[in-house]
Amino acid sequence: MQVLTPQVYWAQRHGEIFLRVELSDAKNLDISLEDKTLQFRARGHGAKGDNEYMFSLEFLEAVRPEINRKSTQRQVDIKVRKQEERWWDRLTLQEKKPLFLSPDFDRWLDESDAEMELQAKEEEKINKITVESRVREDPYLGLKKGYLFMYNLVQFLGFSWIFVNMTVRLFILGQDSFYDTFHTTADMMYFCQMMAVIEVVNPLLGLVKTGFFPAMIQVAGRNVILFVIFGSLEDMQNKSVVFFVFYLWSTIEIFRYPFYMLACIGTEWKLLTWMRYSIWIPLYPLGVIAEAVAVIQSLPIFDETRLFSIPLPAMLGHSLSFSYTLQIYLVLMFLGLFINFRHLYKQRRRRYRSRKRKVN
């Protein structure tokens, strides 16, 4: 009888090692742990068909003798606790990785992400223990949640009105609706974007956990487009790019604000959560591209009108066109895209890891 080696995937946390053995319908499981060496032997269906499979791993550092194992129809899961909670540079004592061993990307985290997850677990434990005392210490918690709920409700209604208005006009007028978007929806968009300044203030007051800089980048960027590019240039108000900018903004927000509304009252709608953390992946970069197109189209208009130009001494010329400032802003816009995209992606990963821990 031929003895073969199964494919093994691994991942780690500061205090644990996770092994996933690709062996379905495993029988006669024999798993032992002596000192730092794990021995595995079982019969099952692996890469080479139905055979007996075995492998041995000598860990980099000492581990606890207890083994947690779980056998399913598809695989065998093994969890081993480290003797000391610290990050390992590699899994095995030997520097050369065994051919049958690969990273488990379903569980894989780098050290910084693992530290964030560990910190989140510790904070979750502390929150469960001290939830009652926190409520007593903050008598205004209900008032704060009520304020945040009403703010998100108002923003949701405002952006919903813009989205519905533009959608109905698109179906009725077709492409003709592109060119009067500003005149039909600008007042409501002005209102919503002025209200959005509150999102920059809320982190400073400790009302929300989101960062100050990502909120400031998004709000300031949109207001530059709305008030400076569209609001101050009549020639830009009849361009089709206004339709695409407004439509992308409102599409993102009609999912974001109700998600925050439900969070204020401790409720979660799974479909809405998925939409909130998924729909921005294509729409947010598209929105930035549409904003960049608007900036580029405005450059010759600012050069011609000299609006917002900076006066210069006579020896240097009459004035410095505002278009040069906008060209610098274009570069900062895509830098802001990267920062915000990275921030939102980390939020998405933390959210789904938290949900996965609750399921497990």
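Values below: all heavy atoms of this structure, side chains included; hydrogens, waters and symmetry mates excluded. All of these numbers come straight from a predicted model, not from anything done at the bench.
- The side chain to side chain donor-acceptor pair (under 3.5 Å) test with Y247 is passed by exactly one of T185, T181, T167: T167.
- Counting heavy atoms from C-beta outward, F182 and F246 have side chains that approach closer than 4.5 Å.
- The closest side-chain heavy-atom distance from I225 to F230 is below 4.5 Å.
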(Q) Using the rule given for salt bridge (charged side-chain N to carboxylate O under 4.0 Å, His left out), can you reason through K82 versus E61, listing the C-alpha separation, both sets of side-chain angles and the distance that settles it, and then say yes or no? (A) CA-CA 8 Å; K82 300 176 181 177; E61 297 183 11; over 6 Å; no
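- Take K145 and apply the salt bridge (Lys or Arg N to Asp or Glu O under 4.0 Å) test, not counting sequence neighbours, and it matches no residue.
- In terms of the side chain to side chain donor-acceptor pair (under 3.5 Å) criterion, residue partners of Q39 (sequence neighbours excluded) are, by chain and number, S56.
- Summarising the geometry of V219 relative to A196, their closest heavy-atom pair is CG2-O, 3.5 Å, with the distance given to 0.1 Å.
- Sorted by first and then second residue, the salt bridge (charged side-chain N to carboxylate O under 4.0 Å, His left out) pairs with a member in residues 165-181 read R169-D180; sequence neighbours excluded.
- Scanning for salt bridge (Lys or Arg N to Asp or Glu O under 4.0 Å) contacts around R20 gives E22, D104, with sequence neighbours left out.
- Side chains of N238 and H183: a donor-acceptor N/O pair is present below 3.5 angstrom, by distance only.
- T92 and E58 share no donor-acceptor pair across their side chains, judged by distance under 3.5 Å alone.
- The one candidate from F100, F55, Y53 that meets the side chain to side chain contact (heavy atoms under 4.5 Å, CB included) condition with L4 is Y53.
- Atom CG of D30 sits in a crowded spot, with more than 12 heavy atoms from other residues, nucleotides or ligands closer than 6.0 Å.
- Using a 4.5 Å heavy-atom cutoff, the side chains of S232 and F227 are not in contact.
- A donor-acceptor pair shorter than 3.5 Å cannot be found between the side chains of E66 and N68.
- Here the side chains of W269 and T273 are not in contact, with every heavy-atom distance at 4.5 Å or above.
- Heavy atoms only, all atoms of each residue included: M333 and A292 are closest at SD-N, 3.8 Å.
- Taking the ring axis of F18 as reference, the NZ or CZ atom of R107 stays within 45° of it and closer than 6.0 Å to the ring centre.
- No close placement of the F149 and Y260 rings is indicated, their centers lying 6.0 Å or farther apart.
- The side-chain heavy atoms of R81 and E85, taken from C-beta on, include a pair separated by under 4.5 Å.
- A heavy-atom distance below 4.5 Å is found between the side chains of Y179 and S240.
- One finds no salt bridge joining R43 and E52 here, because no Lys/Arg side-chain nitrogen approaches an Asp/Glu carboxylate oxygen to under 4.0 Å.
- At a threshold of 4.5 Å between non-hydrogen side-chain atoms, the residues T184 and N165 count as touching.
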Throw together a table of side-chain donor-acceptor distances under 3.5 angstrom for residues 151-159, partners on residues two or more places apart or in other chains.
unit_1	atom_1	unit_2	atom_2	d
Y151	OH	Q155	NE2	3.4
Y151	OH	E199	OE2	2.6
N152	ND2	L148	O	2.8
Q155	NE2	C192	O	3.0
Q155	NE2	Y257	OH	3.4

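- For S102 and Q7, the side-chain atoms include at least one donor-acceptor pair closer than 3.5 Å.
- Listed by first and then second residue, the side-chain hydrogen bond (donor to acceptor under 3.5 Å, both in side chains) pairs involving residues 290-307 are W249-E291, D303-S321, D303-S323, R306-S319 (not counting sequence neighbours).
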